[in-house]
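Protein chains get the first letters and strands the later ones, always in sequence-line order, with residue 1 at the start of each. These numbers were taken from a predicted model, which means no experiment stands behind them.
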There are 4 protein chains.
Amino acid sequence: MTEARATAKVTKLNRVERNAWTKQKIFEAATKVVGKYGYAEASVARITEQAGVAQGTFYNHFENRQELLDQLLPKIGIDMVHFIRARTGTAHAARQEIERFSAFFDFIREVPEFLRILNEAEFFAPSGYQKHLDNISTAYVRILRRARLAGAIEDFSDEEFEAIVHMLMGARGYLSRRYSYSADGVTAVPDHVISAYRKLMTRGLFNASGEKTTP
Amino acid sequence: MTEARATAKVTKLNRVERNAWTKQKIFEAATKVVGKYGYAEASVARITEQAGVAQGTFYNHFENRQELLDQLLPKIGIDMVHFIRARTGTAHAARQEIERFSAFFDFIREVPEFLRILNEAEFFAPSGYQKHLDNISTAYVRILRRARLAGAIEDFSDEEFEAIVHMLMGARGYLSRRYSYSADGVTAVPDHVISAYRKLMTRGLFNASGEKTTP
Amino acid sequence: MTEARATAKVTKLNRVERNAWTKQKIFEAATKVVGKYGYAEASVARITEQAGVAQGTFYNHFENRQELLDQLLPKIGIDMVHFIRARTGTAHAARQEIERFSAFFDFIREVPEFLRILNEAEFFAPSGYQKHLDNISTAYVRILRRARLAGAIEDFSDEEFEAIVHMLMGARGYLSRRYSYSADGVTAVPDHVISAYRKLMTRGLFNASGEKTTP
Amino acid sequence: MTEARATAKVTKLNRVERNAWTKQKIFEAATKVVGKYGYAEASVARITEQAGVAQGTFYNHFENRQELLDQLLPKIGIDMVHFIRARTGTAHAARQEIERFSAFFDFIREVPEFLRILNEAEFFAPSGYQKHLDNISTAYVRILRRARLAGAIEDFSDEEFEAIVHMLMGARGYLSRRYSYSADGVTAVPDHVISAYRKLMTRGLFNASGEKTTP
DNA sequence: AATGAATGAGACTTCATTCAT
DNA sequence: GATGAATGAAGTCTCATTCAT
């Protein structure tokens with residue numbers, strides 16, 4: 001009898017759990033489908049088929065197709081922030097920035113769907129995109145401010161930080177599209193791209209002296 | 001008599017001219033429609049209605065909808081290159097770069113549709129986008145090389161130039177989306193954005209000596 | 001109570017039954033439309049209107065228009081085989097052949113749409129036509145072989161049987177078009193057509209001895 | 001000057017000649033197009049392109065598309081009659097019939113477009129088809145009557161002749177479709193088809209004695 | 001008589017969403 | 001909550017025909 005109950009834990013979920021589980025299945029299916037075919041091809045039929053549920057089920061969990069699409073990027077974006085944070089050491093601010101830059105591309109290789117979801121979201125899921133942007137730029141500006149406090153950056157105002165952060169995000173997007181896409185799968189970014197980025201940042205944003213004085 | 005004939009040119013076109021004129025009307029209509037509603041909403045019906053021709057007429061001038069969409073960006077992109085070139089002086093390379101940066105945003109104000117056409121093209125008109133990208137990056141790399149020859153840039157390889165150019169294009173795109181969009185119409189880019197860009201460039205890419213006034 | 005339930009079966013169908021019923025409605029509508037207007041004029045719009053369902057419903061049951069058209073003839077063809085078999089007695093082989101010939105024309109009168117569906121299928125639903133042809137000729141050759149075994153036919157090889165069967169089918173098609181069509185509806189075949197066929201068959205294919213009354 | 005006029009004969013036709021020549025070009029183009037792609041794919045655009053004239057030109061020579069299509073088969077049908085007549089000897093009537101049967105298939109190989117034009121005409125150019133049918137069956141019945149007069153056929157009425165002719169035409173059509181079509185081009189009919197036909201005819205239609213008495 | 005761009009009706013098909021079971 | 005058939009608006013594209021040049 002106890003064994004039966006143990007089995008039940010896996011196969012027989014209660015109502016709330018079943019509900020969450022179904023929604024999660026749809027989320028994962030959408031990630032796969034959008035990652036592989038793009039938003040434009042991510043029809044409700046395709047997503048529900050991938051999720052193994054009926055089309056009607058979709059509308060028990062989401063108001064409409066757009067609502068799901070808008071939740072997709074912010075959800076994965078938070079995963080990305082955690083991933084990058086875990087990969088960032090305690091070195092000098094300029095070096096940390098390079099680490100973040102590299103970690104971004106590592107994450108893309110880890111979650112290959114992310115690239116397409118990120119890039120297309122701006123036009124197919126604008127409100128989801130905006131939410132993601134806010135998430136990221138807020139965190140990023142905070143980092144730059146801290147670096148300024150630590151003396152690693154001088155002569156940039158808060159407003160300029162915001163602009164810089166958008167430039168950095170834009171640069172990453174462009175580079176990822178230019179260098180990371182490939183026939184099947186995502187490849188590493190060439191070294192010269194990273195070196196170009198390092199030069200631009202260490203000279204343009206951070207105090208050049210920063211690098212030399214790192215213990 | 002010659003003047004009368006000149007007038008006639010406008011009102012009474014021959015077959016070839018009428019043909020070109022119709023195609024041009026469709027182009028202009030598409031620019032407006034895509035600029036206002038985006039590629040996704042740019043149906044042939046909408047475009048032809050805007051152009052004042054029948055839907056069937058569309059297919060006398062373009063193989064299919066996508067063919068027009070793919071021609072849109074490269075066509076306007078060339079206009080942009082001319083516009084920016086005309087606004088670029090003969091000053092030091094670093095200053096020229098700032099001029100180009102500013103001129104880009106001026107062009108956006110001049111041709112408000114361009115922004116959306118450019119930004120969405122990557123996903124709705126990929127082959128047209130690629131063509132545009134090639135047009136621009138080729139020209140841009142040439143400019144950077146010339147600056148290097150003139151001693152205004154040091155320590156960057158050709159490969160790095162290509163990466164830099166993609167970063168610059170990406171940065172502009174992001175910034176334009178962040179700062180230039182608005183409810184109705186396109187607004188000027190704030191000064192602090194330009195100043196942030198200038199700092200990044202003059203310090204990160206160009207020789208500091210270029211800026212004579214830097215202490 | 002049981003009777004009430006039986007009635008309920010008709011009025012209140014379950015999901016599977018409703019589904020089959022809808023598909024059947026579309027089939028019947030297509031039969032009518034193709035029979036009346038021909039394949040070329042059998043648009044999905046016309047068929048669904050006749051069936052009393054929305055156009056979109058069509059594509060829940062058939063991959064595309066052609067799939068339905070290709071299924072039409074084989075489906076009715078099987079009905080025809082049953083019809084003819086039921087009308088064929090146990091008389092001498094030659095007489096049976098005449099019975100089949102007559103029964104064919106009877107079936108045409110029973111299902112007036114069949115004629116047009118059969119005749120046009122070759123060009124508008126080739127794969128459906130081929131399937132029907134295989135169904136029929138296989139059965140027909142088997143009949144001739146049996147007659148040969150019984151001594152009613154001599155001096156024909158299997159290959160020749162196949163050719164003969166095609167001739168017989170062709171002859172029926174031509175005759176049906178020539179004699180059975182009419183402004184509205186299908187009429188009986190004149191006696192002289194049947195007598196001509198009988199002579200050709202009893203003398204050309206079957207042993208004369210079969211006809212006992214021949215002097 | 002005389003030489004110039006000679007050239008003119010070829011290049012410069014008078015109005016009537018040019019007119020006829022253009023119409024002829026359209027006819028030939030239509031034959032090729034229908035023969036290759038079938039009536040359904042024989043759009044005015046395709047035909048005029050094949051003919052090397054503008055679409056508008058078409059309507060200077062034919063009321064509409066259907067008019068041309070309806071003229072196609074009768075025109076070639078007459079060629080066929082001449083061809084078969086030239087191949088028919090003066091032997092016994094039964095042997096002549098076999099010669100006609102063979103000549104029909106020879107003609108198909110000579111004019112490969114004919115097969116498709118003939119077969120599809122019934123449904124895509126019904127009035128043209130009817131005209132062709134009348135042409136052929138009239139001539140054919142006349143032949144059978146003459147054979148009856150000569151004693152080669154007995155016991156068939158005029159009405160039965162008409163039915164027989166339709167059977168023969170139907171048989172030929174079926175056989176041609178079954179045996180003569182092939183991936184690219186038209187192939188010869190197998191011997192067993194001809195032998196089956198001969199048996200059916202010499203026994204079923206003609207006096208068997210006819211063959212034996214041939215010198 | 002020749003041209004070929006313009007027309008617009010109509011065909012097939014897709015797909016987000018609804019709703020009865 | 002899950003199901004999946006039904007819906008119908010909307011989209012792309014074809015093509016016979018017209019007509020001004």
Is any side-chain heavy atom of D/I47 closer than 4.5 Å to one of D/L68?
yes
So, is C/T22 near the phosphate of F/dA6, with a side-chain N or O under 4.0 Å from OP1 or OP2?
yes
List the protein contact pattern of nucleotides 11-18 of chain E with one symbol per nucleotide (5' to 3'): B for base contact, S for sugar-phosphate-only contact, - for none; contact means a heavy-atom distance under 4.0 Å.
SSBB-SBB
Taken to the nearest whole Å, CG/D/N19 to P/E/dA2 is 6 Å
Min side-chain heavy-atom separation C/L69-C/F124 under 4.5 Å:
no
Is the base of E/dT3 touched by the side chain of B/R15 through a donor-acceptor pair closer than 3.5 angstrom?
yes
Got B/I76 and B/L118 here, is their nearest side-chain heavy-atom distance under 4.5 Å?
no
How would you list, by chain and number, every residue that makes a side-chain hydrogen bond (donor to acceptor under 3.5 Å, both in side chains) with D/Q130, sequence neighbours excluded?
D/D134
I need the minimum non-hydrogen distance between A/G128 and A/P74, along with the two atoms involved.
O-CG, 3.5 Å
Partner residues of C/S43 under the side chain to side chain contact (heavy atoms under 4.5 Å, CB included) criterion, sequence neighbours left out
C/A45, C/R46
Within residues 24-33 of chain B, the residues having a heavy atom closer than 4.0 Å to DNA chain E are none
Gap between atoms CG and C1', on B/L69 and F/dG11 respectively (whole Å)
13 Å
Between CD of C/E17 and P of F/dA5 the distance, given in whole Å, is 14 Å
Any non-hydrogen side-chain atom of B/E17 less than 4.5 Å from a side-chain atom of B/N14?
yes
With respect to the side chain of A/V53, which nucleotide from F/dA2, F/dA5, F/dT3 is positioned closest?
F/dT3
What side chain to side chain donor-acceptor pair (under 3.5 Å) pairs are there with at least one residue in residues 53-67 of chain A, not counting sequence neighbours?
A/N19-A/H61, A/E67-A/Q71
Once ring-ring contact (aromatic ring centres under 6.0 Å, His included) is applied, do any residues pair with A/F27, and if so which ones, sequence neighbours excluded?
A/F62
Using atom NZ of A/K23 as one end and atom P of F/dA2 as the other, report the distance to the nearest whole Å.
12 Å
Rounding to an integer number of Å, can you tell me how far B/E49 CD sits from F/dA10 P?
13 Å
Residue pair B/D70 / B/Y129, side-chain heavy-atom distance below 4.5 Å
no
Just how far, in rounded Å, is C1' of E/dT7 from CZ of B/R18?
12 Å
Position toward the 5' end of DNA chain F (nearest nucleotide), A/A54 or C/H61:
A/A54
Could you state the atom-to-atom distance from CH2 of A/W21 to C1' of F/dA2 in whole Å?
16 Å
Under the 3.5 Å Watson-Crick or G-U criterion, the dot-bracket string of DNA chain E, with | for inter-strand pairs
.||||||||||||||||||||
Measuring only between side-chain heavy atoms, which start at C-beta, is D/I26 closer than 4.5 Å to D/F58?
yes
In whole angstrom, give the distance that lies between atom CZ of D/R46 and atom C1' of E/dG4.
19 Å
Which pairs with one or both residues in residues 23-42 of chain D pass side chain to side chain donor-acceptor pair (under 3.5 Å), sequence neighbours excluded?
D/Q24-D/E28
